[in-house]
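Whatever order the structure lists them in is the order used to number ligands and atoms, beginning at 1. All values below come from the heavy atoms of this structure, side chains included, with hydrogens, waters and symmetry mates left out.
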Amino acid sequence: MAQLLVVGAGLFGSQAAALARARGIDATVFDPGLPGAASPAAAGLFQEAWAGRRWREHFVRALPVLDQLYGLRRVHLTHADGTPEELLFVPPAAILDSAPVRQSVTAVGDGWLEAGGRRHEGWVYVAAGVWSNQFVPDVNVYGKAGSAFVFAGERPGAIRPIAHGRQAIAFVRDPGTTHFSDGAAERHHTADHDRQSLERAAALGLTDPPLARLWGRRPYTPGGPVFRRIGARTWLATGGRKMGTILGASFARRLIEDELTSPST
Ligand SMILES: Cc1cc2nc3c(=O)[nH]c(=O)nc-3n(C[C@H](O)[C@H](O)[C@H](O)COP(=O)(O)OP(=O)(O)OC[C@H]3O[C@@H](n4cnc5c(N)ncnc54)[C@H](O)[C@@H]3O)c2cc1C
C-alpha cells in the first residue's frame, strides 16, 4: 500500500494525513510534541474576508476538505453594539492527529526519513511549522508568537476590533470552557503582551484567572505561504500565519489530489 510519512502533527501535517487516509493512502505522522507549536493554541476560526483576494483560492479549495473531513461549524459572535457576526470554525481538537508517533524526525531525504534511529520509506511531507528550516534552510520560516487563554465555563461569543485585520474574540472552542484570543503575533513576545491580552479578555468579562495559557508560534515565510516539492517523493509546506486551518487544508488537497494521485507520481 502507498505510504505517506508526515513530519509534524499540526494543522498542516494532520490534515494531509487525514486526507491521505480518506483517499486510501496509509499515513504515519511523527511529532515529539514540541513546546511552542502553533496548532494547539489556534482558535480554529476563519472567514473568506481574512483570506482576502490574495489567498481566496486557498479558502475556496479548503472548504470542501474541511467539511468532508471534520464538518464546518458556525460561531455566532456579538459586537459591543449588539451587531451579530458569524465566523466559520473547525476545532483544532477535531483536526489534530490523535496518535502521532512521538518521535523527532532527525533527517529527511528524497522518499525517506529517519526517526527513532530507524529509516522509513515513502512519500514524505515536511509540515514542521517554525522548525521547518532544519530540513529546508532556505524556506526562512520565522515565528510570530501569541497566547490564547482558556477560561472556565461557556460564555456567549463576543468580538471586538483591535486594529485592521485584528480582533479580540471569546467563544466556546471546547466544551465547558471559553477560549480567548486577540490575534497577538509578535517576533519578540513578552510578558507585557500577555498582560495586554488579559486586559482585553477582562474587558469581555473574563476576569477570573485563566485555566490555561496556550502559547504558540505561528509560522511565517517571506512572500507568503509555501508549498514546495523538494524531491521526487518529498514535499514541504509551511507559512500558515493566522490562517493555518484553511492553508493546511488547501495544501493537503494539493499534496494528495494534485501531486500524489497525479499520473506522473
Ligand atoms: C494564539 C493563536 C491563535 C490562532 N488562531 C488561529 C485561528 O483562529 N485560525 C487559524 O486558521 N489559525 C490560527 N492560528 C494560526 C495557526 O495556529 C497556524 O497557522 C498553524 O497552527 C500552523 O500549523 P503547522 O502545522 O504549520 O505548525 P505547528 O502547529 O507549529 O506544527 C508543527 C509541528 O511540527 C512538529 N515538529 C517540529 N520539528 C519536528 C521534527 N523534527 N520531527 C517531528 N515533528 C516535528 C512540532 O512539534 C509541531 O507540533 C493561531 C495561532 C496562535 C498561536
Arg73 and Asp67 ion-paired at < 4.0 Å | no

If you compare Val7, Leu34, Asp31 by their heavy atoms, the one closest to atom 48 (C) of ligand 1 turns out to be Asp31

Indicate, as side chain, backbone, both or neither, the part of Met243 found under 4.0 angstrom from ligand 1 when only non-hydrogen atoms are considered.
-> backbone

Ligand 1 to Thr245, heavy atom cutoff 4.0 Å, flagged ligand atoms 9 (N), 10 (C), 11 (O)

Arg23/Glu257 ion pair, N-O < 4.0 Å = yes

Near Pro219, which atoms of ligand 1 are under 4.0 Å from a heavy atom of that residue?
-> 22 (C), 26 (O)

Carboxylate-amine/guanidinium proximity below 4.0 Å for Arg21 and Asp97 = yes

Hey, is Trp215 one of the residues with a heavy atom under 4.0 angstrom from ligand 1?
-> no

Is it true that the side chains of Asp192 and Thr190 contain a donor and an acceptor less than 3.5 Å apart?
-> no

Ala127 touching ligand 1 at heavy-atom level, < 4.0 angstrom = yes

Should we count CD of Glu57 as having more than 12 external heavy atoms under 6.0 Å?
-> no

Geometric class of the Tyr142/Tyr220 ring pair [parallel <30°, tilted 30-60°, perpendicular >60°] = parallel

For Phe30, the ligand 1 atoms whose distance to one of its heavy atoms is below 4.0 Å | 43 (C), 44 (N)

For atom 7 (C) of ligand 1, the protein heavy atom that lies nearest, with its residue and separation = Gly44 N, 3.4 Å

Judged by modelled atom types alone, do Glu85 and His79 share a side-chain donor-acceptor pair under 3.5 Å?
-> yes

How does Phe251 reach ligand 1, if at all, at less than 4.0 Å between non-hydrogen atoms: by side chain, backbone, both, or neither?
-> neither

Counting both backbone and side chain atoms, is some N or O of Pro40 under 3.5 Å from an N or O of ligand 1?
-> no

More than 12 heavy atoms from other groups under 6.0 Å of CZ on Arg74 = no

Using distance alone, decide if ligand 1 has a nitrogen or oxygen within less than 3.5 Å of any nitrogen or oxygen in Trp131.
-> no

Subset of ligand 1 atoms that lie under 4.0 Å from at least one heavy atom of Phe135 = 41 (N)

Proximal atoms of ligand 1 relative to Gly216 (non-hydrogen, under 4.0 Å) | 53 (C)

Ignoring hydrogens, just give me the one of Val105, Ile95, Val29 whose non-hydrogen atom is nearest atom 41 (N) of ligand 1.
-> Val105

How far is atom 31 (O) of ligand 1 from its nearest protein heavy atom, and which residue and atom name does that atom have?
-> Gly10 CA, 3.7 Å

Fit a plane to each ring of Trp215 and His189, take the angle between them on a 0 to 90° scale, and name the class: parallel (under 30°), tilted (30 to 60°) or perpendicular (over 60°).
-> tilted

Should Ala148 be counted as touching ligand 1, given the test is an N or O pair under 3.5 Å?
-> no

For ligand 1, find out whether one of its N or O atoms is nearer than 3.5 Å to an N or O atom of Leu214.
-> no

Ligand 1 atoms in contact with Ala37 (distance to a heavy atom under 4.0 Å) | 30 (O), 48 (C), 49 (O)

Ligand 1 atoms in contact with Leu45 (distance to a heavy atom under 4.0 Å) | 7 (C), 8 (O), 9 (N), 10 (C), 11 (O)

The single option from Phe171, Tyr70, Phe46 that satisfies ring pair (Phe, Tyr, Trp, His ring centres under 6.0 Å) with Phe89 is Phe171

Given the options Arg253, Arg229, Arg254, Glu259 meets side chain to side chain donor-acceptor pair (under 3.5 Å) only with Arg229

To which of Ala128, Pro32, Gly146, Gly33 does the heavy atom nearest atom 44 (N) of ligand 1 belong?
-> Pro32

Subset of ligand 1 atoms that lie under 4.0 Å from at least one heavy atom of Lys242 | 9 (N), 10 (C), 11 (O), 12 (N), 13 (C)

So between Arg241, Arg102, Gln134, Lys144, whose heavy atom ends up nearest atom 15 (C) of ligand 1?
-> Arg241

Of Ala42, Gly240, Ser39, the one whose closest heavy atom lies nearest atom 20 (C) of ligand 1 is Ser39

Is it true that Arg200 and Asp182 have a side-chain N and a carboxylate O under 4.0 angstrom from each other?
-> yes

